[in-house]
Amino acid sequence: MAERYDFQAIEKKWQDYWAENDVFRTEEDSSKEKYYVLEMFPYPSGKLHMGHVRNYSIGDVTARYMRMKGFNVLHPMGWDSFGLPAENAAIKHGIRPDNWTWDNIAEMREQFKSLGLSYDWEREVATCHPDYYRWMQWIFIQFFNRGLAYKKKNPVNWCPSCQTVLANEQVVDGKCERCKTPVGKKELSQWYLKITDYAQRLLDDLDKLTGWPEKVKLMQKNWIGRSEGAEVTFTIEGFEKKLQIYTTRPDTLFGATFMVMAPEHPYVKELVEGTEYQKAVDEFIDKLQYLSDIDRSSTTLEKEGCFIGRYALNPLNGKKIPIYIANYVLMDYGTGAIMAVPAHDTRDFDFARKYGLEIIPVVDPKNPDIDLNDLQEACPGEGTLINSGQFDGLGNKEAMKKIIAYMEEKGIGKGTVNFRLRDWLISRQRYWGAPIPMIYCEDCGWVPEKEENLPVMLPTDVEFTGKGQSPLTTSSTFGDAVCPKCGKPARREMDTMDTFLDSSWYFLRYTDPKNESRPFDREKADYWMNVDQYIGGVEHAILHLLYARFFTKVFHDMGMISAEEPFENLLTQGMVLKDGAKMSKSVGNIVSPADIIKKYGSDTARLFILFAAPPDRDLDWSDTGVEGSYKFLNRVWRMVLEIIENSEADEKASVSSDDDRSLNYEMNKTIKRVSDSFATGRFSFNTAISSIMELVNEMYRCKQSAAPNYPLLRETAEKLVLVLSPFVPHICEEMWQKLGHQTSVYYESWPAYDEEALMLDTVEIVVQINGRVKMKAMVESGLSREELTEKMMADEKVRELTDGKNVTKVIAVPGKLINIVVR
RNA sequence: GCCGGGGUGGCGGAAUUGGCAGACGCACGGGACUUAAAAUCCCGCGAUCCUUACCGAUCGUACCGGUUCGACCCCGGUCCCCGGCACCA
């Protein structure tokens, strides 16, 4: 009797059924409200890991629930299929990257299907397919035509292991995000996208993203790093060029006692050329070159500098101050030069101490503990201006405005805004990416390939050495081109695009995946956008999510879509851990989804992963926990089958006994709680499942009573199957069929709950004395504060408890509790 | 250093946001069924104390203090863990 359900047969049966009947096919339908749920598409490594299972289970539950709620649901899947691993496979094993990738995609698609995910596979996209990268190239050209793509020679981040450049976003702790190799600098001519043009909008619109975790918005805000300040022009003695500096504290201008330039500053060479300082300066710069970026930017690195023998004049008071170069001033922020105010900046203070430079306080914090004439540390806070000529006595906030206004009037400075965000370096010296569709002509410069010639196909006659330049350069024909403008022989760009471009618009391609004349049709995109719910790992909080927002805004400006933001609601799911550590090969704690599915079935895998923790938290994998989920499904299965055996499909259920009422209550409560768990931004699937478990326990209790009400149990079982079906679809399809239904449970409506059944005749009231629980009592529900007080104070047991005591106060909370304060 | 998030039984986690702390599950213990085991069904399960037992009492949500009739929840301070940013002028 205690036989287990045959999950292998059942899951196969329904997966086939869904595929054969196109159950998950989605069409635009203006008569229905749409819902677009999207999980971040995977890189097709070939093997599913638990993080995937978690990500896609969360999305699938949501998609299935919204479908049952009557929405027209778009739930697509595709492949972020350009990228390094394919190329590394080519270098190591001599396999063609395209073959390697397509094989992996096929394998992974099967694994997804074995999870029972409700994707519309008709809309599948792969970024490495020419039909996709053709439009990627088209988009790049639009960026170029709008002045949002440009080529520039610059020191760039260079990963010596990947042999390619990296975007700032891909350098984490000074190391390559992918291979963890320390990143160096290399002077290269590279393509950039002008994301800085959108910095302010990307920052401002974060406020609109009310469905995003605060944490992610904050991370983006910090990354964009807006700061307000002023650019000030300093004159250098005996040098015709002016020195621009950026400061966020123009109020401290009178306290500037020296200047510091970045060692890479273009003026430095000119300023020391032929002077007695040249040698020392060169040596200093030389020494710095041996430092890696990590060391260079470390806060613990001692500040070191070198006087260059020149003086600048403070434009406000004409004071003559020495100019240094130092390791703590960076060329790529602001203007690459600063005025140093040691009294009010900790870095300048350290530097001044070390080199014995003057410290002039100009902002008085009015703190008796601080002796302004003998500062022990910089005081960067607010205060009143001193030693600042006509600005003395002003609050420093006010002085900031006044000084900026004064400088603007005199033409010696202006208020400016600076961003930490840099333009996005997108060229990669790699093969497996979309070729940048640009052609260099001696006469015309950089010219985009003609639209009718797109896509610029990846050549196949290439060598993979893994060294230096893009493999595209080894093709015998790829580089040859004619200038699209003047027709003269020209050279094609050899670099490919960063794969983060591919993933910056795939969610739009899903809305119109087969369009051959445009990336997507505006009408279709406008019907489906925005993505109502986006789900993925928090590791994309900055990179992908910022780039996708950037693209969406550019598309909006180009008139391609109405949307200005791509993702309405965002869920960042936690990691899957084992024994408290991230699953990884090196730790050897990997649990393979394939093994779990084989042993317990995908329903069990899904159930466990949704039950073990709330989606946004890390989840600790537990083998016994999985076992528990499996047991629960078997428990449901046995019970439902037994109920079917003991009842008829159309029997009318009555609610008469206490057990009946209790079961009815529990059922409605469960429907309510599960429904609530899907409310936007909640995702409390773990508690939703726990309340379903409570319902099952209650059903068992009723079933085991002397006279089980099988018609009511059958009715309850139907509801149970419905609420359980988004979580564990296969077993529910099977039970739904056994309950006598002909169609897929996926097409059923989500059950409503009966508000009245949730109203109980009596409620339990907690009786506290001085805040301590002393007893509980049942009273009729709906009593007012006064009625409750009166009733409880008249209660015999309450009187016993308060006997001989002086009741000073009674607090009553209707339907909940009463607290009697005694002395 | 700055900015976030967090700290609840043996474990994963609940607690409708100020109203019964520990739902649900795992692990563990006990019982039923069985020749036996597994599976299944039922019961128990924060700590300490009292009691033959029932009944009960005290303590308990990282730590210290405060507000309140009442605090896991609010306020002030401390410690620890996780994440992000970091010579950004």
Side-chain angles (χ1 to χ4, degrees), chain A residues 1-4 172-173 213-223 225-227 229 245-249 252 260 262 296-303 326-330 332-341 344-348 350-351 380 418-421 538-539 541-542 577 607-608 611-614 616-629 631-632 634-635 638 672-673 676 684 686-694 696-697 700-701 703-704 764-776 808-813 815-822:
Chain A
M1 181 62 225
E3 123 199 11
R4 306 208 144 198
V172 178
D173 293 331
E214 283 306 316
K215 178 184 165 175
V216 173
K217 288 195 276 184
L218 206 73
M219 281 164 69
Q220 292 213 352
K221 193 180 166 196
N222 290 340
W223 188 262
R226 184 184 198 272
S227 79
I245 64 101
Y246 174 73
T247 177
T248 53
R249 294 293 303 271
T252 63
V260 188
R296 174 84 192 268
S297 62
S298 155
T299 23
T300 51
L301 181 73
E302 199 183 350
K303 288 167 192 45
N327 57 0
Y328 75 100
V329 173
L330 310 171
D332 59 356
Y333 184 78
T335 60
I338 61 159
M339 64 169 193
V341 185
H344 305 292
D345 180 284
T346 47
R347 293 153 302 178
D348 298 345
D350 292 347
F351 194 81
N418 244 300
F419 293 95
R420 212 191 71 100
L421 184 71
V538 73
E539 66 273 19
I542 299 172
L577 311 176
L607 185 71
F608 168 73
F611 175 63
D616 55 345
R617 275 211 231 169
D618 286 350
L619 180 153
D620 216 335
W621 186 266
S622 151
D623 292 334
T624 53
V626 179
E627 191 80 38
S629 293
K631 282 182 190 170
F632 171 73
N634 276 292
R635 186 170 151 85
R638 275 191 305 274
K672 178 171 168 34
R673 286 183 59 184
D676 288 350
S684 43
N686 55 333
T687 52
I689 292 167
S690 75
S691 65
I692 295 174
M693 287 170 168
E694 283 177 86
V696 171
N697 290 344
Y700 262 89
R701 195 182 68 79
K703 186 170 73 68
Q704 260 131 14
E764 193 183 60
I765 295 293
V766 171
V767 180
Q768 297 181 330
I769 292 187
N770 291 345
R772 288 182 175 283
V773 180
K774 289 293 169 183
M775 58 170 277
K776 290 161 192 179
T808 57
K809 199 173 176 182
V810 179
I811 294 105
V813 181
K816 281 224 173 88
L817 70 80
I818 179 159
N819 186 15
I820 303 162
V821 186
V822 298

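Labels below follow one simple rule: chain letters A, B, ... track the order of the sequence lines, proteins then strands, and each chain is numbered from 1. Computed from a prediction, not measured in an experiment: that's the story for all the values here.
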* Separation of atom CG in Leu577(A) from atom C1' in G13(B), rounded to whole Å -> 14 Å

* Asked: Nearest heavy-atom pair of Ala541(A) and Met219(A): which atoms, and what distance?
  -> CB-CE, 3.5 Å

* For residues Val821(A) and Asn770(A), determine if any side-chain heavy atom of one lies less than 4.5 Å from a side-chain heavy atom of the other. => yes

* Asked: On a plain distance test, is the side chain of Lys809(A) in donor-acceptor contact with the base of C69(B) below 3.5 Å?
  -> no

* Asked: What's the CZ-C1' distance between Arg226(A) and A89(B), to the nearest Å?
  -> 16 Å

* A15(B) and C74(B), which share atom name P, separated by this distance in whole Å -> 15 Å

* Closer to the 5' end of RNA chain B via nearest nucleotide, is it Gly334(A) or Asn770(A)? -> Asn770(A)

* Asked: Tell me, do Tyr328(A) and Asp348(A) make a side-chain contact under 4.5 Å, heavy atoms counted?
  -> yes

* To do: From the options G13(B), A89(B), G19(B), select the nucleotide whose nearest atom is closest to the side chain of Ile338(A).
  => A89(B)

* To do: Take atom C1' in G44(B) and the same atom in C26(B), then report the distance between them in whole Å.
  => 16 Å

* Determine the Euclidean distance between corresponding C1' atoms of C50(B) and U16(B); express it in Å to zero decimal places. => 37 Å

* Would you mind classifying the nucleic acid contact of Leu218(A) as base, sugar-phosphate or nothing, using non-hydrogen atoms under 4.0 angstrom? => sugar-phosphate

* To do: Using the P atom on both, measure G77(B) against C87(B) and round to a whole Å.
  => 29 Å

* To do: Using a heavy-atom cut-off of under 4.0 Å over every strand shown, decide if Gln768(A) touches base, sugar-phosphate, or nothing.
  => base

* Which class fits the ring pair Tyr246(A) and Tyr333(A): parallel under 30°, tilted 30 to 60°, perpendicular over 60°? -> perpendicular

* Asked: Rounding to the closest angstrom, what is the interatomic distance between C59(B) and G65(B) at atom P?
  -> 15 Å

* **Euclidean distance, atom NZ of residue Lys816(A) to atom C1' of U17(B) [Å, nearest integer]** => 11 Å

* Which residues pass the side chain to side chain donor-acceptor pair (under 3.5 Å) test with Glu694(A), sequence neighbours left out? -> none

* Compare the minimum distances between each of A89(B), C87(B), C42(B) and the side chain of Tyr700(A), then state the nucleotide with the smallest one. => C42(B)

* Structure fact -> In 5'-to-3' order, the base (B), backbone-only (S) or no-contact (-) status of each nucleotide in nucleotides 22-29 of chain B, using a 4.0 angstrom heavy-atom cut-off, is -BBSS---

* For G83(B), decide between syn and anti, treating a glycosidic angle within 90° of 0 as syn. => anti

* Range-with-range stems of RNA chain B (Watson-Crick or G-U pairs under 3.5 Å, three or more in a row) -> B:1-7 with B:79-85, B:10-12 with B:24-26, B:28-32 with B:40-44, B:46-49 with B:56-59, B:62-66 with B:74-78

* To do: Considering just the side-chain nitrogens and oxygens of Arg701(A), establish if one lies under 4.0 Å of OP1 or OP2 belonging to C41(B).
  => no

Collect all protein-nucleotide pairs involving nucleotides 56-60 of chain B in which both atoms are nitrogen or oxygen and the distance is under 3.5 Å.
| residue | atom | partner | partner atom | Å |
| --- | --- | --- | --- | --- |
| C59(B) | OP2 | Arg772(A) | NH1 | 3.4 |
| C59(B) | OP2 | Arg772(A) | NH2 | 2.7 |

* To do: Give the intermediate values and the outcome of side-chain contact (heavy atoms from CB on, under 4.5 Å) for residues Asp345(A) and Ile338(A).
  => CA-CA 12 Å; Asp345(A) 180 284; Ile338(A) 61 159; over 6 Å; no

* By side chain to side chain donor-acceptor pair (under 3.5 Å), which residues pair with Asn697(A), not counting sequence neighbours? -> Arg635(A)

* **Among A89(B), C20(B), C69(B), the one nearest Glu764(A) by side-chain distance** => C20(B)

* When the nearest nucleotide of RNA chain B is assigned to Asp620(A) and to Phe419(A) on a heavy-atom basis, which residue is associated with the more 5' position? -> Asp620(A)

* **Closest approach of Asn222(A) to Arg420(A) (non-hydrogen atoms, all atoms of both residues)** => O-NE, 3.6 Å

* Glycosidic conformation of U8(B), taking syn as within 90° of 0 and anti otherwise -> anti

* Pick the P atom in A71(B) and in G18(B), then give their distance to the nearest Å. => 14 Å

* To do: Let me know the distance between NZ of Lys303(A) and P of A86(B), rounded to the nearest Å.
  => 16 Å

* To do: Mind running side-chain contact (heavy atoms from CB on, under 4.5 Å) on Ser690(A) and Ile692(A) for me, showing each step along the way?
  => CA-CA 5 Å; Ser690(A) 75; Ile692(A) 295 174; over 6 Å; no

* With rounding to whole Å, what would you report as the distance between G9(B) and A14(B) at their P atoms? -> 14 Å

* Asked: Does a side-chain N or O from Tyr246(A) land closer than 4.0 Å to OP1 or OP2 of C88(B), or not?
  -> no

Considering only nitrogen or oxygen atoms on both sides, find all protein atoms under 3.5 Å from nucleotides 80-85 of chain B and state each distance.
| residue | atom | partner | partner atom | Å |
| --- | --- | --- | --- | --- |
| C85(B) | O3' | Arg420(A) | NH1 | 3.1 |

* To do: For Val766(A), report the nucleic acid contact type (base, sugar-phosphate, nothing); a contact means any heavy atom under 4.0 Å.
  => base

* Asked: For atom P, what is the distance between A62(B) and G13(B), given to the nearest Å?
  -> 15 Å

